[in-house]
K.L.:
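Structure provided below as structure tokens; questions to follow.
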Amino acid sequence: MKVELRGITKRFPGVVACKGVDLTVESGEVHALLGENGAGKSTLMNILFGLYRADEGEVCLDGEPFDCRSPAQAIAAGIGMVHQHFMLVPVFTVAENVMLGVEPTGPLGRLDRVEARRRVEELSDRYGLAVDPDAVIEDLPVGVQQRVEILKALYRDARCLILDEPTAVLTPHEIDELMAIIRQLADGGRSVIFISHKLREALGIADRITVLRGGEVVGHTTPAETDEQALAAMMVGRDVQLVVDKAPARPGEPVLEVDGLVVSDDRGHRAVDGVSLTVRAGEILAIAGVQGNGQSELVEAICGLRPVDAGAVRLDGRDVTGHDPRAMFRAGLAHVPEDRQRDGLIGSLPVADNLVLNQLDRRPFSRRSVINRREVRRHAARLVEEFDVRTPSIDTPVGNLSGGNQQKVIIAREFFHADRLLVLSQPTRGLDVGSIQYIHRQIVAKRDEGVAVLLNSSELDEVLALADRIAVVYRGRVVGVLDREEANRERLGLLMAGAVEEAAAVEATGEEEVTVT
Amino acid sequence: MPTTLTEPLAPSREADLVAERSAARRRVGFGVATALLGLVAMLAFGIGSESGLDAVFVLSRSSDAVQIPDVTVPARATGLVLGVVVAALGALLVTGVVRRRTFLVFGVGLALFVVALLAWAARGDDISIIGLLDGTLFRATPLALGAFAGLLCERAGVVNIAIEGMLLAGAFVAALTASAAGTPWVGLVCGMAAGVLLGAFLGVMAITYRVDQIIGGTVINIFSLGLTSYLGTQVLARYTDLNDPGAFRAFGIPGLERLPLVGPLLFHNTIYVFLVFVLTAALWWGLFRTRWGLRVRSVGEHPRAADTVGIDVLRTRYRSVMLGGAVAGLGGTWFTLDATGGFNENMTAGKGFIALAALIFGRWHPVGALVAALVFAFSEELQTRLALLDTPIPSDFLLMTPYVVTIVVVAGVVGRSRAPAADGQPYVVE
Ligand SMILES: Nc1ncnc2c1ncn2[C@@H]1O[C@H](COP(=O)(O)OP(=O)(O)OP(=O)(O)O)[C@@H](O)[C@H]1O
Ligand SMILES: [Mg+2]
């Protein structure tokens, strides 16, 4: 399906998210939409999908003007969208999620589950999606959940598929699979709009690329005409250095010591299975692993967000096992959580308040329990400036910021008070290249100040760019700790996939393995 | 130094133990409770009881088609034997011989304990088991209907603590309209309509204006109590013929009502008991087998997801809340058209809140809610019967039983029961 957006303008209080955007996507084409955080990509797509109404401009599908007022209309017109945050009901099965809204029914509205299952299986086979229609969503890895989202769109016979940052939560292997699926869909004549911050992916999959900046189209290009460096410059409007400069680490005394930690996940299954780690002052230890191998639970347990079943956590030599987050905060922990919408921010509160959320009881932000608004605002203005948070004002509810800018708010807050231990979970997920570069520099700067940094990232590039040492986890256990020099993509990839290296027979879960100094 | 490595990943024993620990804690807890029940039965109903007295369990009424002979048991021996059995069940749990189905074993222990208690209470006398069960079903009716009302609302994501107020309004309106019209059927329909109105009111507050749902529900409860009390004293008390609704009569299902025991118990009742059974099945089928149910549940679990596939979240919620209101109103009419034959001030006396507990204990499932309503109703009924039998147990303790049962039962399922994910969360359409 040919999709044309003409002169789309959308204003929010204080910002113009899209300014006269023109975008044409031919049928059978994969069109990458790139842009900084807050450039207006999601807004533009939400307009196409009928979630927002454009203030100006029009949408044409196959040449026909199309006035879209609701997702239901967009779906009926053949537009499918896979949202940045999945729109699946966790307790429903795959088939139930896929058919929701367009259920095949028998008499009295009885669900025809047999028919639904048959169609899901058929589509799943045709596009090689390998999804079990009877699996319950919450039991599935994110990669499969995403395929369910795609199935949902195909089930409704979407002829234009919008994918908003589909790869942010996928493993390298899952990304490859997704790319193959996208290609197949485009070859079948569907048009695909692909949003990503990973330039390499966009260059790899797109037929054409459109770059947005500040709500305006700044250029169209094709992968043949450009490269990562040029694209980055086009997005950000200045030259971006894609590698981080960093001096060798000078590790000091151990700050965080984790000893034989055992932690269960939400469903009571053991997620962390006897992990031991040490992070020293002035070094960055990265935890690498395919998502869902216990990293999240490990980090949550360290930060006091999840009960510890066995083992110990020590901070500066003091036993802090089972401390609540408040106590961990006092003991010197700064934490950037993985799920920013759930754990890191209060969406309805202004940016300024979110920037001091956990420091409100401290001077200078409050005195004798009375908040000093002036100081809070001054502080917020400074951090917003320093971390380049794109927000209309510091009084805007943080939930209205774009995904990437929400992340920057948390980073700014936590970096401000990090002086002993900084725990980062997927710190640059959803950030644009410019912001990634800035945050990477800040992480290295924190390290050089002597802060111990624990980095949990499923992004191999990020791990390789930042880490001084890398602990690879697989099925809740540390299967290897590598020095940065001995690590490369292949070796990490193998370890992450559970391949066991043959060498000195050292028990991997013991403290003795951490011999790298 | 070369890299570190690992041996093939064997699951660690220590973690296995950890995973079992919480299950074990639960098991031992219930085991100790069961063993204590057994000890009480042995000591109080067995050893402590006078010897030589028999207890007679009456299983049918003279009016029943099939007469089942009474069961006579020696009270002391029954207490002793059942006490030993219950204590043994407890021991099996504590020692870990039985590791699975902890709650079921506890339930069996509790049931046997109740039998021992009945035998002891009726020693030298008789007790009508059929009356006990019949009374249970009778008392369970408003609880089940209230729980179904809550179920309909909460499955769609609206917390309904206004069940109490809806019951009361249904009761009042039914009394008034049935008296005026001279037939309880009119009362039934008007009582449901009153529930629908209150449901719509809750909807306006909770769905459109996104008032905190607990506060919105409380508003309805207070409003309903105040208004019905006022009108009750001002109008019904003065014009007593407006508070003379006449009651629904019990009737039997031909054929089925002649079955022994279950016939008179289940198949000879007023319309309400039959409605409870029909609604249980209909709700189960509707919620889990139809398009309507799938959409209602999606709206209660993940409204944004429902919205993005074109389901009108707000309308679905309105419809569910109003339907819930209708069911609650129906439950309310039971008070005036079945139970008492007239309206009294605050006659629902907190039943709406017990219904809410039944909904939670029943895990937001129609069958579960029915079972929970029966459990609560049984403990209420048992308490009144024991009070009549003139046992030496202080009446305060007897009055406590329904609540103790509620607490134990809720404690037993806590952690396993999961509310709809978006329960109580208003939805903002973008
Ligand atoms: N509901 C809203 N209310 C107010 N402002 C909004 C709203 N949604 C988005 N915005 C603003 O519109 C701008 C564009 O946001 P959008 O989410 O489209 O960015 P994006 O390109 O998707 O960024 P990211 O890569 O970070 O996801 C941002 O400045 C954001 O703050
Ligand atoms: Mg976005």
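Here is how names work: the chains are called A, B, and so on, in the same order as the sequence lines, proteins then strands, and each is numbered from 1.
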K.L.:
Where does A:H269 contact chain B at under 4.5 Å (heavy atoms): side chain, backbone, both or neither?
P.N.:
neither
K.L.:
Write down the atom of B:T290, the atom of A:L108, and the distance for their closest heavy-atom approach.
P.N.:
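Taking every non-hydrogen atom into account, CG2-O, 4.1 Å.
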K.L.:
Which bit of A:S70 is near chain B, if near means a heavy-atom gap under 4.5 Å: side chain, backbone, both or neither?
P.N.:
neither
K.L.:
Counting only heavy atoms closer than 4.5 Å, note whether A:L100 contacts chain B via side chain, backbone, both or neither.
P.N.:
both
K.L.:
Checking A:F86 against chain B: side chain, backbone, both or neither under 4.5 Å from a heavy atom?
P.N.:
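Contact with chain B involves the backbone of A:F86 alone.
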K.L.:
What are the two closest non-hydrogen atoms of A:V102 and B:R295, and how far apart are they?
P.N.:
N-NH2, 4.1 Å
K.L.:
Quick check: closest heavy atoms across A:R113 and B:F288, and the distance to 0.1 Å?
P.N.:
NH2-O, 2.8 Å
K.L.:
In terms of heavy-atom pairs under 4.5 Å with chain B, which of A:K152, A:R156, A:M81 leads?
P.N.:
A:R156
K.L.:
So how far is it from B:L294 CG to A:F92 CZ, rounded to the nearest 0.5 Å?
P.N.:
4.5 Å
K.L.:
Indicate the atoms forming the closest heavy-atom contact of A:V89 with B:H302, along with that distance.
P.N.:
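So the minimum-distance heavy-atom pair works out to CG2-CB, 4.0 Å.
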K.L.:
If you tally heavy-atom pairs under 4.5 Å against chain B, which of A:R110, A:H83, A:M99, A:Q73 wins?
P.N.:
A:R110
K.L.:
Which heavy-atom pair separates B:G310 from A:A72 by the least distance, and what is that distance?
P.N.:
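Scanning both residues completely, I find the closest heavy atoms to be CA-CB, 3.7 Å.
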K.L.:
Contact part of B:I311 toward chain A, heavy-atom cut-off under 4.5 Å: side chain, backbone, both or neither?
P.N.:
side chain
K.L.:
Let me know if A:R53 has heavy atoms under 4.5 Å from chain B in its side chain, its backbone, both or neither.
P.N.:
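Interface part for A:R53: neither.
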K.L.:
By ring-ring contact (aromatic ring centres under 6.0 Å, His included), which residues pair with B:F277, not counting sequence neighbours?
P.N.:
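Testing B:F277 for ring-ring contact (aromatic ring centres under 6.0 Å, His included), a comparison that skips the adjacent residues, returns none.
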